[in-house]
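Notes follow once the structure below has been shown.
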Number of protein chains: 2
Amino acid sequence: MSNKTISSVGEFGFINIIKKKFALQRRNKQVSVPIGDDCFCFKSGGINLCVTKDMLVEDVHFKKEWTYPQELGAKAVEVNVSDAASMGGALPKYIFIGLGLPPETDFKYVEKIYQGIKNACAKYKILLAGGDSVKSDKIIISVTVIAVGGKNIVQRTGAKAGDLIGVTNTFGNAGAGVELLYKYAGKRKFNKEEKYLIKKQNSPQARLKEAGKIAKYLTSMTDASDGLYVSLDLIAAKAGANIALEKIPLSKELKNVFKDKQKQINLALFGAEDFELVFTVAKSKAAAVKKLVPTVSYIGEITDSKKVKYFYNGKEQKIKYAGFKHF
Amino acid sequence: MSNKTISSVGEFGFINIIKKKFALQRRNKQVSVPIGDDCFCFKSGGINLCVTKDMLVEDVHFKKEWTYPQELGAKAVEVNVSDAASMGGALPKYIFIGLGLPPETDFKYVEKIYQGIKNACAKYKILLAGGDSVKSDKIIISVTVIAVGGKNIVQRTGAKAGDLIGVTNTFGNAGAGVELLYKYAGKRKFNKEEKYLIKKQNSPQARLKEAGKIAKYLTSMTDASDGLYVSLDLIAAKAGANIALEKIPLSKELKNVFKDKQKQINLALFGAEDFELVFTVAKSKAAAVKKLVPTVSYIGEITDSKKVKYFYNGKEQKIKYAGFKHF
């Protein structure tokens, strides 16, 4: 009998098994959003606190040669702020940094990581609340952020048939950037448009302001950290959805660097780390949302088919998951 | 010019530089205990929340061959609960688990880690609030715990000249256990007393109840995670202290396995991970504390000498730091 490995169980299989293991835990009345969303939220003295935790590991999530340490530090903050944003623009207040560092790491390098963390914290007025460092083989940045939620905590679930599916800005840039790095880093120089895509990979920006502006209109929201395809599955799979692939917003840089339409769509769906908002809103509120955040595009509609269906100019397309697997 | 590495800067040097970097951050009025204590504490709706974050890394903090996965999971919880305990018995409520796992890890092994986490959470009524897993070379367990503080948040600073220095239970067991593992694991069987010491290393117990009972009497407290020597430095260095080495409580198991008195004291001072409480209390309250927690011993007194001085039967001893260095 062969034993199962983490790799063979897969990340989502793994999470499901763990969830089951803890399912019998009593539900705490203070909990407003339980485990399984972008943040865990609980009430303290009537205030909703949203907590998120993310880990970046060298050679899995980043390579030292491809990212400046300042970018890395800032990114570690932004990806957590993005989780807070997707709860309806919860305001990040406190950050805890755990660093794993190989002993031979140049101290200046670590200082620059912290400089990036500091810059991003200053931007959002986040207070450094804790930090520990341990020895490790690879660089690990483990971040916890505590945010104060507004009146409207927006969860991943909540989409209803007839709702429109909205997204912010453009998709596929970060995935395109990492592909360019894999192919050409160290081999040739990058042109301006390629640099734009690489910057989207290395310096993502959380959509905190946007999320806060539109939170009260939304029925569900998440951020596209593992690719648009995964995000759509998370918010739409229980109800169902029809997605118009040709409506997914793409940057001119992406379209110029990757001319093939199929490739563009693959990058948009399966390229991770765009950290754009993916949300649903009742049709009657869609125009108001677009007015508040002009970078919003609507790419589809929630149905009751229990499946996320993809169309290109009205013709249904077979799409198979092809994104990044953690294990 | 040679560049400084993390190893050459050292853990405490590193923390000081980082603290300086963030020193200009504005103090937030909600913060009750800033970065630098066992927990960071802030007020939310009038309630004091205490947050702690710790990381365990394979082959740095544990070896797979020496610890059962259930023990490992439980230990990851206990060490964080111990941090909450040392703020005056703050009650742990929510836990966030970040796991780094090599893809080839046997899934059963990971399940057992989670079983250990679950058992320890059940013991303290802690709710699993978040979990993420990433690929890594070595097993990493990164834990964040949020606890609700009582009326009496006890900090590391606060000791006053004349206060007695108290500790719970005995010291050096965990350090002795790890030394036995390094020397003899896989080479010969362990006897009962050796097994006791190894269990102290692998299955530490946070002193949460004890801390809660005595919090209101104390002027300062920490837990002995990096060894008694470091703990005494943290609570007593600003004021000063005289420590009576012969009063440091030792288990009969430690004394039987390591017969040499000097060795016993070294293990007690520099052996890490005992997770016992180290605190100060006004002389007039010392008897009341001992009555509430009979495992308390008093091992010295706070002075105003600005130095921690060690005595053995009244004779001053030169003690040089010889503990575990993280880097």
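Both backbone and side-chain heavy atoms feed into the values below; hydrogens, waters and symmetry mates do not. A, B, ... follow the sequence lines: proteins, then strands. Residue 1 opens every chain.
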For A:M55 and B:V134 the tightest heavy-atom approach is O-CG1, 3.8 Å

Within the 4.5 Å heavy-atom criterion, are A:S44 and A:Q30 side-chain neighbours or not? no

Any heavy-atom pair between the side chains of A:Y109 and A:L72 that's under 4.5 Å? yes

Test item: B:Y68 and B:N202 side chains (from C-beta on) under 4.5 Å apart, heavy atoms: no

Just wondering, do A:W66 and A:Q201 contact through their side chains at under 4.5 Å, heavy atoms? no

Nearest 0.5 Å please: distance from the CD1 atom of B:I153 over to the CG atom of B:N48. 4.0 Å

Which atoms of B:L49 are under 4.5 Å from chain A, going by heavy atoms: the side chain, the backbone, both sets, or neither? side chain

Per-residue tally against chain B (heavy atom, under 4.5 Å) across A:T52, A:D59, A:I146 peaks at A:I146

For B:V148, which atoms come within 4.5 Å of any heavy atom of chain A: side chain, backbone, both, or neither? neither

Proximity breakdown for A:D37 and chain B, heavy-atom pairs closer than 4.5 Å: neither

Pairwise distance NZ(B:K135) to OG1(B:T105) - rounded to 0.5 angstrom: 12.0 Å

Value rounded to 0.5 Å, distance of CG in B:D38 from SG in B:C50: 10.5 Å

Heavy-atom distance under 4.5 Å to chain A: side chain of B:K138, backbone, both or neither? side chain

Please classify the contact of B:E58 with chain A as side chain, backbone, both or neither, using a heavy-atom distance under 4.5 Å. neither

When rounded to the nearest 0.5 angstrom, what is the spacing between NZ in A:K64 and CD1 in A:I139? 4.5 Å

Among residues 75-98 of chain B, which ones touch chain A with a heavy-atom distance under 4.5 Å? B:Y94, B:F96, B:I97, B:G98

